[in-house]
Amino acid sequence: MDCRMTARGAEIPASPEFDLAQTLNCGQCFRWELLPDGCWQGVVSGRRVKIREQDGKVIFFGVGGREFERVWAPYFDLDFDYAAVRRALSRKDPVLRRAAEFAPGIRLLRQDPWEALCSFIISQNNNIPRIKGIVARLCEQFGDDLGGYSSFPGAERLAPLREQEFAPIRCGFRAKYILSAARKVASGEVNLEALRAAPIEEARASLTTIYGVGEKVAECELLYGLHRLEAFPMDVWMKRAMSVLLPGRTPQQLGKYAGIAQQYLFHYSRCNAGLFSA
DNA sequence: GCCCAGGTATAAA
DNA sequence: TTTATACATGGG
């Protein structure tokens, strides 16, 4: 991805294939906020930046060329041809076509695997505004002070804590789940980096050994934390999604399959505008 | 107040 | 194997 350097920072041409609001506000990440000045602010790799789209450009304020190439281009997956994927999806199924057209600028972030795992543990039976709040308090309480903002606390930082020390985070029953994840990751019992290359079923099985990580959170981590796109074979989830729409399903079945099918379809569907409201 | 949220563990059917 | 409930908290 070619970027141009200006006094403001790194700039790339704006494109319908890269929409900040669609990408950052859709529930795949929880540490970005839209500031009143129109900039999106987030913390990635210990660096806080402001990004905005303006005058046909996406501007990464204060970011140098080297940092852009090493941090931001990979984070936003800028070298991947999403348009080609959308074309393929559109050919495959009319629902996906509609969906792809609905959110054409969404991208699959390459997030830190540990941060993603924690975030999706927190996300269970929860809503996005509160998830963001809990994640923010987790960073503020246990992250390193990076000068006006905090890092996401590593597994080794959380692993020694006691459950009651999570009280200020107000994450409720999820504290014991976060602790289980932290301890397994810190001890190496679950090796997130290794799971990037492991056979997909092996990776899924390893993740679900964590107390509080079930099918859904594991899928989230595979897709959003480990960038394992193959965790979501489209045909399978499409069929499940369709079956969910049929009448006569129990709440259990609805919850189980609707959630997971939605997980896959999320990038390309969720054809309701409310999802992307700031 | 009330409903419910990008679920999971657990007990009970 | 499948289904119902509790779980902590707070947004809308």
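These values consider heavy atoms only, across backbone and side chains, with no hydrogens, waters or symmetry-generated copies. Computed from a predicted structure; not experimentally measured.
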In whole angstrom, what separates A/Ile178's CD1 from C/dT9's C1'? 13 Å
Taking CG from A/Asn125 and P from B/dG6, how many angstroms apart are they, rounded to a whole number? 9 Å
Grab the CZ-C1' distance between A/Arg137 and C/dT9 for me, whole Å please. 9 Å
Between B/dG6 and C/dT3, how many Å separate the two P atoms, rounded to a whole number? 24 Å
Could you please name the option among B/dG6, C/dA8, C/dG10 that lies closest to any side-chain atom of A/Arg170? C/dG10
Taking atom C1' of B/dG7 as reference, at what distance in whole Å does atom OH of A/Tyr177 sit? 8 Å
Phosphate-side-chain proximity, A/Tyr211 and B/dT10, N/O vs OP1/OP2 below 4.0 Å: yes
Taking only the side-chain heavy atoms of A/Phe173 (C-beta and beyond), determine which of B/dT8, C/dC7, C/dT9 contains the nearest atom. C/dC7
Take atom CD of A/Gln124 and atom C1' of C/dT9, then tell me their distance rounded to the nearest Å. 13 Å
Between P on B/dG7 and CZ on A/Arg130, what's the gap in Å once rounded to a whole number? 12 Å
May I ask you to check whether A/Phe120 and A/Tyr177 place their ring centres under 6.0 Å from each other? no
B/dA5 C1' sits how many Å from A/Ile121 CD1, rounded? 17 Å
Spacing of A/Asn126 atom CG relative to B/dG7 atom C1', expressed in whole Å: 10 Å
For the residue pair A/Phe60 and A/Phe76, categorise the inter-ring angle as parallel (less than 30°), tilted (30 to 60°) or perpendicular (more than 60°). perpendicular
If the P atom of C/dA8 is compared with that of B/dA11, how far apart are they to the nearest Å? 15 Å
Do A/Arg183 and A/Glu189 have side chains that get closer than 4.5 Å, going by heavy atoms? no
Check A/Lys50 against A/Asp37 and note the closest heavy-atom contact, atom names and distance. NZ-OD2, 2.9 Å
Are the side chains of A/Cys118 and A/Ile178 in contact, using a 4.5 Å heavy-atom criterion? yes
May I ask you to say what A/Lys176 touches in the nucleic acid, namely base, sugar-phosphate or nothing, with a heavy-atom cut-off under 4.0 Å? sugar-phosphate
